[in-house]
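Just below is one structure, and these are the notes that go with it.
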Amino acid sequence: MTVIVPRLVEVRQNVLKRNDLLARALRERFARAGVYVVSLVSSPGAGKTALLEQLLTTLRARYRVAALVGDLATDNDAERLARSQAPVKQITTGTVCHLDAEMVERALEDWDLDALDVLFIENVGNLVCPASYDLGESLRCVLMSVTEGEDKPRKYPTIFHGADLAVLTKIDLADAVEFDRGAALASIQAVRPGMPVVTASARRPNGTAEVLAFLEGRIAGMRAPA
Ligand SMILES: Nc1nc2c(ncn2[C@@H]2O[C@H](COP(=O)(O)OP(=O)(O)OP(=O)(O)O)[C@@H](O)[C@H]2O)c(=O)[nH]1
Ligand SMILES: [Mg+2]
C-alpha cells in the first residue's frame, strides 16, 4: 500500500516538470513575437468573461488583441468574447479543471503570433488547480468578486501567491453585500505582500478603467527600448 503514494507524487512531479518546460518554450515564443500575454484566474463566475469582453472591445482600437478561453464544456464564453470582434478560441477541457501549457500551445497552432500584440487567456474557473500550471504568460491576474467573501485569499493562498495583479470584481455590488474592502485588501496582502490591487465593474460605464490603465502601463513597459 505504501508504495502507491510515492508513485503518484512522482507522476505528478513529472507532469508539472513537463508543463514548466512547455511554458518556458511558450514564454520565449511570446517574447520573440512581441506578444504580451495576460491570463485570468478566479473561482467560477467571478466575472472573468464579463471583464474580458470589455477589455477586448476597448483595447482592440489600439492593439491587435485575441483571446483563448478555457472551460470544461460549452463554447458559451467564446461566443460572448467574440462579440468584441477579436479573434477568440474556446478550449474545452472535458474533465480537466485547469488549462495547461500544452493546451495553449495546441490552441495557438494555427494562429500567427506575429500578428498579435496582446493575448488574453481565461483559465477554467477554479481557485485551486490552475495555480500549479504556468502558461507562459507575462501577467497573471487573479479576480475576486465582492460576493465571494473577503477571506478567499487566505483560504486559497496558492493562487493568490502566484498572481501578479488582483482585481476586485463586481464592485457595483459592494454595498449590497456589505463588502469589507479593508478586510479583502488585508487578506490579499497577507498571502501576497505588495501585490497591486485594482477594482472593476462590468456593469458601470468606465468600470474597467483601472484594469485598462494597469495593463496599458505594462504593455508600454514591455515595448519600451531597453
Ligand atoms: N453586477 C455585476 N455582475 C457581473 C459583473 N461581472 C460579471 N457579472 C455577472 O456574473 C456572472 C458570471 O460572470 P462571468 O463573466 O460569466 O464569470 P466567469 O468568471 O467568466 O465565469 P466562468 O467562466 O464560468 O468561471 C454573470 O451573470 C455576469 O453577468 C459585474 O461587474 N457586476
Ligand atoms: Mg468565463
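The structure displayed is predicted, hence computed values, not measured ones. In each ligand, atom 1 is the first atom listed, and ligand 1 is the first ligand listed.
Under 3.5 Å, the side chains of Q54 and T57 contain no donor-acceptor pair of N or O atoms. If you check the side chains of Q90 and D71, you find a donor sitting under 3.5 Å from an acceptor. Residues T49 and D77 bring a donor and an acceptor atom of their side chains to less than 3.5 Å of each other.
A salt bridge links E137 with R140; the closest basic N to acidic carboxylate O contact falls under 4.0 Å. Look at R27 and D20 and you find no salt bridge, because none of the NZ, NE, NH1 or NH2 atoms lies under 4.0 Å from a carboxylate O. A salt bridge between R18 and E102 is present, with a side-chain N of the basic residue lying under 4.0 Å from a carboxylate O of the acidic one.
To the nearest 0.5 Å, atom CG of residue L59 and atom CG of residue D117 are 10.0 Å apart.
Within the sub-2.8 Å shell of the Mg ion (ligand 2), the protein contributes these N/O/S atoms: T49 OG1, D77 OD2, E122 OE2.
Ligand 1 lies under 4.0 Å from heavy atoms of S42, P44, G45, A46, G47, K48, T49, A50, D71, D77, R80, E122, G125, K170, D172, L173, S201, A202, R203.
In this view, D172 and S201 satisfy the side-chain hydrogen bond (donor to acceptor under 3.5 Å, both in side chains) rule, not counting sequence neighbours.
The other residues sharing a hydrophobic cluster with V197 are V41, L127, V128, V142, M144, V146, Y156, I159, F160, L168, I171, L173, V177, F179, L185, I188, V191, M195, where clustering joins ILVMFWY side chains under 4.5 Å apart.
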